[in-house]
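One structure below.
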Protein chains: 2
Amino acid sequence: MDTTAAARRRPTIRDVAAAAGVSRGTVSRVINGGHWVSPEAREAVERAIAATGYRANQHARSLVTGRSNSLAFLLTEPHHLLFADPTFSILLRGAAEALSERGMTLILLVAGTPEERENVAQYVGAGHVDGVLLISSHADDPLLDTLVEQGIPTVACGIPLGHADQVGSVSVDEQAGARAMVAHLRSQGRRRIATITGPLDTPGGRLRLEGYRAELGDAYDERYVVHGDYTAESGAAGMDTLLDRAPDLDAVFAASDLMAAGALGVLRRRGLRVPEDVAVGGFDDSGLAATLDPPLTTIHQPFDRISAEMVAMLLDVVGGAPHSAVTMPAELVRRASA
Amino acid sequence: MDTTAAARRRPTIRDVAAAAGVSRGTVSRVINGGHWVSPEAREAVERAIAATGYRANQHARSLVTGRSNSLAFLLTEPHHLLFADPTFSILLRGAAEALSERGMTLILLVAGTPEERENVAQYVGAGHVDGVLLISSHADDPLLDTLVEQGIPTVACGIPLGHADQVGSVSVDEQAGARAMVAHLRSQGRRRIATITGPLDTPGGRLRLEGYRAELGDAYDERYVVHGDYTAESGAAGMDTLLDRAPDLDAVFAASDLMAAGALGVLRRRGLRVPEDVAVGGFDDSGLAATLDPPLTTIHQPFDRISAEMVAMLLDVVGGAPHSAVTMPAELVRRASA
DNA sequence: TGATTACCTGTGCACGTTCACAGGCTGTGA
DNA sequence: TCACAGCCTGTGAACGTGCACAGGTAATCA
């Protein structure tokens with residue numbers, strides 16, 4: 001008897017049918033829901049599946065159904081952003097687990113260079129995935145245009161600027177979060193509150209600035225606003241600019257924890273104490289925030305819930321449901337920095 | 001004329017053949033290398049492909065070839081490790097890009113819980129991926145046993161303990177790196193050098209400790225050794241233990257940057273200056289190291305080269321080549337902490 | 001009794017591709 | 001003139017699955 005793994009052919013639905021004494025069709029029915037199958041037949045098939053170690057061939061299945069049983073996790077951010085910010089890892093892992101529970105898989109697609117973007121458009125357009133989880137979109141992204149045009153089910157993390165009504169989205173309430181942070185800083189007696197924004201072509205950059213502005217009202221002063229790109233370096237540079245321009249500031253709201261980390265470094269180097277001289281607030285509550293010195297007061301984003309909701313919504317859209325825009329509450333997390 | 005994207009059927013190889021005035025076989029030959037095809041036929045086919053916007057159906061192709069044209073990125077670490085350590089993101093992105101260049105895709109597989117491990121074993125065993133990129137293996141991992149048993153091409157990051165000769169691996173020279181760090185600390189005049197190790201069932205945990213021990217020689221003293229699990233929390237706890245046990249230490253080598261970050265926090269809290277009172281060295285040179293305060297002296301792992309090499313080796317193994325063990329040089333990066 | 005219904009099962013076809021094979025054409029050497 | 005090789009092309013058969021359909025049985029109803 002030859003039972004070596006290498007020599008044995010992978011069992012097909014025919015082998016199962018033969019072992020169970022039924023036809024291919026019956027086996028197929030048992031696998032896909034099992035309606036209209038007699039209890040005896042079902043049990044025989046289930047035994048045969050266990051005995052043969054049968055596992056459906058996904059390629060054959062996809063060929064006939066036109067479904068790939070997988071979603072794409074589409075990454076459009078430039079490389080350097082991923083080196084220090086754990087945000088994306090958390091989303092990625094959450095999405096992978098949510099899919100694995102449903103017997104689906106996650107395909108990682110990187111669209112950094114124009115060439116990669118073209119490949120991604122082709123790949124997705126060819127129907128190799130059922131839908132796309134879009135991470136951190138920039139305004140007027142032509143890739144997103146392509147997805148919309150080709151009718152690819154898409155759900156974005158954060159409201160995609162310029163495409164808000166064309167694709168689904170799951171996001172934290174950016175404005176409310178920013179307002180909560182500013183309100184908190186004010187409640188601590190801070191009066192000259194600066195901000196380091198994210199890129200203004202991203203929802204996080206634009207909406208957190210709007211929240212900051214709305215909460216400040218008449219107290220809003222452009223001199224206290226600088227723009228960053230979410231990196232620690234840009235946070236440091238922004239902090240330097242702010243201190244040169246407005247040395248009297250007594251608080252800073254950075255639109256990401258990573259930029260807050262950069263700002264903290266500059267403050268320390270300049271001999272300013274946190275929070276005594278300058279209070280610092282961040283946004284994201286990524287793993288980073290709690291490990292900074294001092295631990296960072298920030299706005300919590302429920303990344304695990306966001307990824308789970310993105311997957312759920314995308315699968316609904318794939319199934320024919322209309323897309324929607326879900327907003328999750330942003331919660332202030334008080335630590336030592338403010 | 002109906003040219004709406006929704007109404008138009010995706011072009012198949014038959015459409016291309018018809019448009020080019022040749023047969024399916026000729027089109028297939030042009031796509032796959034193009035040998036034994038006349039220049040005129042090839043040109044006609046290429047024009048037809050461009051005109052129809054044809055893209056091969058991967059499922060149909062995989063069904064007949066038995067190749068999936070994809071690799072799995074297999075994650076076995078528990079969840080919490082990914083929140084702060086960017087190491088895995090860098091490897092993941094590098095692998096995805098290396099594959100995308102070859103027209104292949106990367107599938108993310110998570111094997112945290114026993115249930116997930118079973119699913120992964122089934123999925124991979126069913127031939128849904130051509131090979132597995134194994135990240136951070138633990139000694140005597142039964143999942144790795146399964147992969148080996150089923151003859152799945154596998155390449156690990158770091159020499160897999162207990163399976164060193166059964167699967168391929170790409171790793172940094174852990175021992176040399178640890179020795180370089182200890183040698184550097186000694187050259188700075190440090191004499192009581194402690195270490196916080198990684199988990200001893202991982203190659204990084206075991207081999208970096210061996211390097212530390214080898215470099216210290218007779219000066220090795222167990223009192224200066226504590227064990228962590230790569231997290232910042234374990235680094236902090238380890239530092240506390242060390243200071244309680246051996247308050248006279250003048251240097252610490254943490255087996256990961258994240259643990260070093262935890263150690264830095266404890267040192268600061270206890271009023272010890274870095275590097276004046278205690279020098280601190282890390283390992284990995286992940287994005288984290290440069291942003292710490294003070295910036296961390298550490299051992300650089302060339303993660304981009306590692307991921308590229310893992311992909312290259314795995315594809316060789318898939319193609320029938322024997323697996324091997326590639327070691328990359330570990331380089332000391334001097335910053336302010338030591 | 002005959003018609004209708006509800007349930008269960010098996011069979012043929014299609015999905016889009018690659019591969020093996022057969023065969024055509026052209027040129028070369030015996 | 002025939003055999004043979006080298007190049008190029010087309011065709012049929014697979015790959016493993018889901019789905020539509022036909023057909024069977026048993027129970028219910030007019």
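Naming convention: chains lettered A, B, ... in sequence-line order (proteins, then strands); numbering from 1 in each chain.
Taking five base pairs at each end of the helix from C:dT1-D:dA30 to C:dA30-D:dT1 and finding the rotation axis that steps the C1' atoms of four pairs onto the next four gives two axes whose angle is 60°, to the nearest 10°.
A nucleotide of DNA chain D counts as in contact with chain A when one of its atoms lies under 4.0 Å from a heavy atom; the first and last such, 5' to 3', are D:dG16 to D:dG18.
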| said: I need a per-nucleotide contact map over nucleotides 4-15 of chain C, read 5' to 3'. Cutoff is protein heavy atoms under 4.0 Å; write B for the base, S for backbone only, - otherwise. | reply: ----SBBBBB-B

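Applying the side chain to side chain donor-acceptor pair (under 3.5 Å) rule to B:S169 yields no partners; only residues at least two apart in sequence or on another chain are considered. Not counting sequence neighbours, B:E101 has no partner by the side chain to side chain donor-acceptor pair (under 3.5 Å) test. Legend: residues meeting side chain to side chain donor-acceptor pair (under 3.5 Å) with B:R117, ordered by chain and number and at least two apart, are B:D141. Residues satisfying the side chain to side chain donor-acceptor pair (under 3.5 Å) criterion with A:D140, sequence neighbours excluded, are absent altogether. Under the side chain to side chain contact (heavy atoms under 4.5 Å, CB included) criterion, A:D145 pairs with A:H163, not counting sequence neighbours. Listed by chain and number, the residues in a side chain to side chain contact (heavy atoms under 4.5 Å, CB included) with A:I49 are A:V16, A:I31, A:V45, A:Y54 (sequence neighbours excluded). With sequence neighbours excluded, no residue forms a salt bridge (Lys or Arg N to Asp or Glu O under 4.0 Å) with A:D130. Partners of A:R102 by salt bridge (Lys or Arg N to Asp or Glu O under 4.0 Å), not counting sequence neighbours: none found.
A distance of 9.0 Å separates CG of A:L109 from CG of A:L143, quoted to the nearest 0.5 Å.
For residues 101-135 of chain B, the ring pair (Phe, Tyr, Trp, His ring centres under 6.0 Å) pairs, not counting sequence neighbours, are B:Y123-B:H128.
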